[in-house]
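Residues take their numbers from the sequence shown, with the count starting at 1.
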Amino acid sequence: MILPLLIIFFLNLINILISIWAYRDSRRRGNSKEFSIIVLIALLIVPIIGLIVYFAIRKDKF
């Protein structure tokens, strides 16, 4: 009974950590704060699709 709860907890923790990483990465690449917040919210709501979209539209850092 505890195993499913632990799995759900760790998946949520990974989702939050990826969302925070994407927010910080977006800010580091020079995007506006509003764009970074939209990225954060999108990744919290739809994590896998949001991450794919973020990788497709983020600016390259050169």
Arg24 side chain to Arg28 main-chain N or O, any donor-acceptor pair under 3.5 Å?
no

Side chain Asp25, main chain Trp21, donor-acceptor under 3.5 Å:
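Not confirmed, Asp25 side chain does not pair with Trp21 backbone.
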
Do [X] and [Y] land in one hydrophobic cluster if side-chain heavy atoms of ILVMFWY residues count as linked below 4.5 Å?
X: Val53; Y: Leu43; result: yes
X: Phe9; Y: Ile2; result: yes
X: Ile57; Y: Ile52; result: no
X: Leu44; Y: Val46; result: yes

Indicate the ring-plane relationship of Tyr54 and Phe35, choosing parallel, tilted or perpendicular according to the 30° and 60° boundaries.
tilted

If the condition is side chain to side chain contact (heavy atoms under 4.5 Å, CB included), which residues does Ile14 pass it with, not counting sequence neighbours?
Ile18

Pairs involving residues 32-41, ordered by first then second residue, that meet side chain to side chain donor-acceptor pair (under 3.5 Å) (sequence neighbours left out)
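Of all non-adjacent pairs touching residues 32-41, those that pass side chain to side chain donor-acceptor pair (under 3.5 Å) are Ser26-Ser36.
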
Can you run down the side chain to side chain donor-acceptor pair (under 3.5 Å) pairs that involve residues 39-53, sequence neighbours left out, and say none if there aren't any?
none

With a 4.5 Å cut-off on side-chain heavy atoms, are Tyr23 and Ile37 touching?
yes

For Ser19, run the side chain to side chain contact (heavy atoms under 4.5 Å, CB included) check against Leu17, Asn15, Ile16 and tell me which one passes.
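Answer to the side chain to side chain contact (heavy atoms under 4.5 Å, CB included) test with Ser19 among Leu17, Asn15, Ile16: Asn15.
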
Does Leu5, at its CG atom, have more than 12 non-hydrogen atoms belonging to other residues, nucleotides or ligands within less than 6.0 Å?
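Atom CG in Leu5 is crowded, with more than 12 foreign heavy atoms closer than 6.0 Å.
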
State whether the number of non-hydrogen atoms from other residues, nucleotides or ligands found under 6.0 Å of Leu13 atom CG is greater than 12.
yes

